[in-house]
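One structure below.
Protein chains get the first letters and strands the later ones, always in sequence-line order, with residue 1 at the start of each.
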Number of protein chains: 2
Amino acid sequence: MRLMVDLARHWGQGTVSLHAVAEREDLPEAYLEQLVAALRKAGLVNGKRGAGGGYILAREPRAITAGDVVRALEGPIEPQICTAEGDPVLNCVREQDCGTRAVWLRLQTSIASALDGMNLAELARPTRREGARSG
Amino acid sequence: MRLMVDLARHWGQGTVSLHAVAEREDLPEAYLEQLVAALRKAGLVNGKRGAGGGYILAREPRAITAGDVVRALEGPIEPQICTAEGDPVLNCVREQDCGTRAVWLRLQTSIASALDGMNLAELARPTRREGARSG
DNA sequence: GGATTTCCGAGCACTTCACTCGGAATTCTA
DNA sequence: TAGAATTCCGAGTGAAGTGCTCGGAAATCC
């Protein structure tokens with residue numbers, strides 16, 4: 001997440017090397033390398049090799065949501081196996097008598113809409129410590 | 001969760017043994033034993049020993065939320081360390097420049113209100129497969 | 001006294017998470 | 001064309017969490 005926000009902050013300035021991000025965000029470069037691979041496979045960033053190379057967001061910041069990032073790194077949002085995102089087929093056998101499932105379904109919706117409602121452009125703006133708006 | 005909903009369904013019928021719950025919900029009894037210990041320590045259920053004993057909800061079903069259960073079993077709701085629930089002191093050092101924190105704060109609020117908005121009385125009602133209401 | 005049931009602590013296989021390491025391929029620059 | 005910078009790739013590791021088992025002690029009822 002910090003990586004993506006950092007890239008968003010440098011949107012329009014060409015590619016950014018992981019080395020630079022690692023320094024600014026105080027994160028291990030080798031680890032970022034691994035994370036960015038997943039982001040690249042998900043089509044959220046493009047990499048350019050060689051000296052002066054680096055990474056750049058594949059779309060403009062406001063067209064990438066926190067949900068995109070989370071899904072790229074951690075897979076579909078499903079608090080329980082019986083609520084596979086967008087795949088009602090995998091759903092649990094006990095449906096009929098299991099009030100519990102309603103919990104995970106509502107939770108899933110809630111998480112997804114919270115994450116999908118924040119884009120990188122918003123997050124990249126220099127924070128004036130307000131943090132969360134209610135929701 | 002299934003355990004608590006099961007107890008809610010038997011509210012008003014005295015104590016319920018884990019053996020019975022395990023059979024109905026098809027869950028290992030020895031495992032439930034361990035979970036219920038945490039629920040008891042959190043004051044959500046009371047246990048009664050001996051033959052004919054069992055567990056009973058400590059409060060009426062509608063006064064126990066899914067959030068209560070989750071917190072009892074998994075601790076405070078905090079998607080990241082920098083957003084310790086109800087303890088702003090533990091918050092991350094980078095606050096000022098880290099747009100990322102807003103993500104976890106909003107997510108936390110969203111999760112908490114989704115879970116706190118469902119009580120056991122609602123969940124215990126026999127489901128007519130509607131599952132989640134939007135939210 | 002014996003059956004039932006809660007209570008308690010320890011342990012275990014599996015997975016995930018954050019992270020490291022070594023090295024190959026590509027690209028720019030001197 | 002050499003060498004530095006950088007992405008790309010696969011494998012491995014330590015700590016923690018999750019779902020679960022096991023053995024046994026204490027309480028309570030008949």
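At D/dC8, one or more side-chain N or O atoms of A/Y55 fall inside 4.0 Å of OP1 or OP2 (strictly under the cut-off). The side chain of A/R40 contributes no N or O atom lying less than 4.0 Å from OP1 or OP2 of D/dT7.
Straight-line distance from the NE2 atom of A/H19 to the P atom of D/dC8: 17 Å, rounded to whole Å. Look at CG on B/N46: it is 17 Å from P on D/dA27, rounded to the nearest Å. Between B/Y31 atom OH and D/dT21 atom P there is a gap of 10 Å when expressed in whole angstrom units. The nearest whole Å value for the distance from the CG atom in B/L18 to the P atom in D/dA27 is 19 Å. Atom CD of B/E33 and atom P of D/dG24 are 15 Å apart (whole Å).
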Short heteroatom pairs, N/O only, protein and nucleotides 12-17 of chain D, under 3.5 Å:
none

Every protein N/O within reach of nucleotides 28-30 of chain D N/O, cut-off under 3.5 Å:
| unit_1 | atom_1 | unit_2 | atom_2 | d |
| --- | --- | --- | --- | --- |
| D/dT28 | O2 | B/A51 | N | 3.2 |
| D/dC29 | OP1 | B/K48 | NZ | 3.0 |

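Between the side chain of B/Q108 and the backbone N or O of B/I77 there is at least one donor-acceptor pair closer than 3.5 Å. Although no hydrogens or angles enter the test, the distance criterion places no donor-acceptor pair under 3.5 Å between the side chain of A/S110 and the main chain of A/R106.
Residues passing the side chain to side chain contact (heavy atoms under 4.5 Å, CB included) test with A/A37: none are found, sequence neighbours excluded. Take B/A42 and apply the side chain to side chain contact (heavy atoms under 4.5 Å, CB included) test, not counting sequence neighbours, and it matches B/L44, B/A72. Take A/A8 and apply the side chain to side chain contact (heavy atoms under 4.5 Å, CB included) test, not counting sequence neighbours, and it matches A/L57, A/P61, A/L120, A/A124. In this view, A/L27 and A/R2, A/E25, A/L32 satisfy the side chain to side chain contact (heavy atoms under 4.5 Å, CB included) rule, not counting sequence neighbours.
Side-chain atoms of A/I64 and A/N119, non-hydrogen and from C-beta on, never get closer than 4.5 Å to each other. In this structure, the side chains of A/M4 and B/T100 stay at 4.5 Å or more apart for every pair of heavy atoms.
For the side-chain hydrogen bond (donor to acceptor under 3.5 Å, both in side chains) condition, the pairs that include at least one residue of residues 10-22 of chain B, sequence neighbours left out, are B/D6-B/H10, B/H10-B/R24, B/H19-B/E29. Counting only residues at least two apart or in different chains, side-chain hydrogen bond (donor to acceptor under 3.5 Å, both in side chains) contacts with residues 37-61 of chain A comprise A/R59-A/D68, A/E60-A/R62.
For the pair B/L107 and A/A114, the tightest heavy-atom approach, listed with the atom from each and the gap, is CD1-CB, 4.4 Å.
In this structure, B/L27 and A/A37 both approach DNA chain D, and ranking their closest nucleotides by distance from the 5' end singles out A/A37. Place B/E29 and B/E74 on DNA chain D by their nearest nucleotides, and B/E74 ends up nearer the 5' end.
Residue contacts shown for A/L35 are absent, as no nucleic acid heavy atom lies under 4.0 Å away.
Bracketed by its first and final contacts, the part of DNA chain C lying under 4.0 Å from non-hydrogen atoms of chain A reaches from C/dA18 to C/dC28 in 5' to 3' order.
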